[in-house]
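Worksheet: the structure to be examined is printed underneath.
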Amino acid sequence: MAGEERCTFDYLKMLSTFFITVALGLGITYLILNYPRLKQNYHLSRHRSSLPPSPPTLKTGISKPWLWFRELHQQYGDVVYLQLGPTPTILLGSAQAAWDLLERKGSIYSSRPRFIMGQELLSNNLRGLMAGYNDFWRRWRKLLHSGFMARQSEKYRWIQSLESKVLMKELLDKPEGFREWMERYAASVVVMVTYGRRVTDVRKDEVVEMNRLAMERLTLVNIPGKYAVERYPALKYVPAILAPWKRMVLEQREKDVQMYTSLMNDVKSRMAEGRLPDCFAKHLLDEQKGLGMTDLEVAYTAGTPFGAGVETSAGSLASFMLACVKFGHSFIPKAQAELDDVVGRDRMPTFDDLPNLPYINAIVSETLRWRPIAVLGGTPHATTADDWYKGMYIPKGSTIIAPLWSIHLNEKDFPDPHTFLPERFLDKERIAAYPGTTGHSAFGWGRRICPGMHLGQASVSINIARILWGFDVKPANDEKTGKEIDVDIFAFSDGFNSSPLPFPCEIRPRSSKHVEGIEREYREARSKLEMYEV
Ligand code: HEM
């Protein structure tokens, strides 16, 4: 009997030890998983009442968050607080607030939120665009700066000019394909500038396809809220063998590594054969030693312009076409009068003409303002220290989003914001009152400002000037009714960048003289470009 009691006692003891161990294990796991959130909550609790205004309910998983953000700004003001997941998020809805914080206080507003899936696991921290404010980012940024800032990007104008002549011919021959031609133009400029080879067919080009797949891999894993590891960063250390999501992302990483390395190997062999023109990849190889960068860091850096520069440039040109269809009657005649006066009808405008074309430049600025492609203001910033703004507390570690949809459609700065009105950019007083020098914020702010802004601006400007010089762009006519087809100026894509959905449009050469000019300049351009068709 005594033996039986002893057995039961031992059994109960074992059971309770088991339950205590399990409870302790669960408690510790809970603490490890929730440590960042608990720490953040503790940190916030001291100043909770001073946080910026916040809506009572949150919308998650919506496809175009910028529409909701603008409503929030209209209701709560320029600075709005959202508790999205574990991280405090601050929305900045006016040019002044974005300038005051992202530009003036750049030393503490220039980091990035953690992207555990996209940056840490998929990219092994090699994508500068998602890198925090650290030494790797500084080296990467230095390379982009020296590769693309003002003077250096002027060296690429010959490429932009020749490719733009090809675009003009494509618009002449098959105007209904205008969207594809604009994508081809933007891709070819970026691939030429980066790897020294051109793109003749954007649907079939190998480099374009490889980069497109890399972008797809990134978008696939960079979905806010999809992976638990973003909420519980400690899960990052779970061995891949136990975590299918981690195995998947590491397999994808291998594909990226192979792709970026093979593109760089191709550059190196063309360099050895003396067939490589001056390009960003060459510049990277020249600077690599001095900056102490590895081969893989250089290969990933070379991939940057494609990811950041193609969709933004092509999308801006598509927005311009949409503006022409909807509002062209109010600005195209003035633009063409200026072009006829300054350039004449015998030749296309060149980069040298641009400083003498104030109305065209105003159209370019209004295009970038009216429908900003980087609709959320690019990749979010993050703060690296606590801050106060107009009596509001901005916690360290906040994600900062400055949605251009709110900023560029803010009625205080841009009355009647959905109307395309180039005249806004001829109003010197308005431009002087707007923070910065350009009168808009399309390229962002401070230390993270778009390093490709000169290249991007030049692409948009030269093509707008030439399209308006050579073509009349109008609403298309309905074949059955003969009536003009109206376009929806709000029909834009979802996603990180937002560009116009397909729309009909009529593109007709202005005269036979213009046709002759387009044909002639195209022939000259083709003969100069042929050697870059690898
Ligand atoms: C019309 C064309 C373009 C527009 C509208 C545009 C817009 C922007 C915006 C709004 C940002 C975010 C800035 C911020 O965080 O404050 C950005 C960042 C960036 N852009 Fe552009 N961009 C364009 C073309 C280009 C081109 C051609 C390149 C290629 C060199 C490029 C490379 C980048 C990079 C690398 C960043 C991230 C910078 C960083 O994280 O430090 N962009 N761009």
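Ligands are counted one by one from 1 in listed order, and the atoms in each one are counted from 1 as well.
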* Have Tyr156 and Glu154 got a donor and an acceptor in their side chains that come within less than 3.5 Å? -> no
* Asked: Between Tyr393 and Asp386, does any side-chain donor sit less than 3.5 Å from a side-chain acceptor?
  -> yes
* Would Asp256 and Arg217 pass as an ion pair if we require N to O under 4.0 Å? -> yes
* Asked: Relative to the heavy atoms of Pro305, which atoms of ligand 1 are at a distance of less than 4.0 Å?
  -> 29 (C), 30 (C)
* Phe471 backbone acceptor or donor facing Gln336 side chain under 3.5 Å -> yes
* Asked: Do Thr304 and Trp140 get their side chains close enough for a donor-acceptor pair, meaning under 3.5 Å?
  -> yes
* Structure fact -> Among non-hydrogen protein atoms, atom 37 (C) of ligand 1 lies closest to Leu129 CD1, 3.6 Å
* To do: May I ask you to identify the nearest protein heavy atom to atom 1 (C) of ligand 1, giving residue, atom name and distance to one decimal place in Å?
  => Ser316 OG, 3.8 Å
* Could Arg197 and Glu533 be called an ion pair, given the rule that one side-chain N must be under 4.0 Å from one carboxylate O? -> no
* To do: Starting from the C-alpha separation in whole Å, work towards a yes-or-no answer on ring-ring contact (aromatic ring centres under 6.0 Å, His included) for Tyr532 and Trp158.
  => CA-CA 13 Å; Tyr532 303 107; Trp158 67 274; 5.7 Å; yes
* Should the heavy atoms of other residues, nucleotides or ligands under 6.0 Å from CD of Glu206 be counted, would the total exceed 12? -> no
* Give the residue, atom name and distance (to 0.1 Å) of the protein heavy atom nearest atom 13 (C) of ligand 1. => Arg448 O, 3.2 Å
* Asked: If you measure from atom 41 (O) of ligand 1 to every heavy atom of Glu103, Arg141, Arg127, which option wins on shortest distance?
  -> Arg141
* side chain to side chain donor-acceptor pair (under 3.5 Å) involving Ser161 - partner list, sequence neighbours excluded -> Arg466
* Lys/Arg cation over aromatic Tyr133: Arg138, 6.0 Å, 45° cone -> yes
* Asked: Considering distance alone, does some N or O of Trp140 sit under 3.5 Å from an N or O of ligand 1?
  -> no
* Tell me: protein heavy atom nearest atom 35 (C) of ligand 1, and distance? -> Thr304 CG2, 3.4 Å
* Using a cut-off of 2.8 Å, find all protein N, O or S atoms closer to atom 21 (Fe) of ligand 1 than that distance. => Cys450 SG
* Structure fact -> atom 7 (C) of ligand 1 sits nearest the protein heavy atom Ala442 O, 3.5 Å
* To do: Pick one of side chain, backbone, both or neither for how Gln457 approaches ligand 1, counting any non-hydrogen atom pair under 4.0 Å.
  => neither
* Sequence neighbours left out, what passes side chain to side chain donor-acceptor pair (under 3.5 Å) with His408? Give chain and number order. => none
* Asked: Looking only at protein heavy atoms, which one is nearest to atom 15 (O) of ligand 1, and how far off is it?
  -> His381 NE2, 2.8 Å
* Pairing residues for Arg179 by the side chain to side chain donor-acceptor pair (under 3.5 Å) criterion, not counting sequence neighbours -> Ser499
* For ligand 1, which atoms, with element, lie under 4.0 Å from some heavy atom of Trp445? -> 16 (O)
* Could you find the nearest protein heavy atom to atom 12 (C) of ligand 1 and give me its residue, atom name and distance? => Gly377 O, 3.5 Å
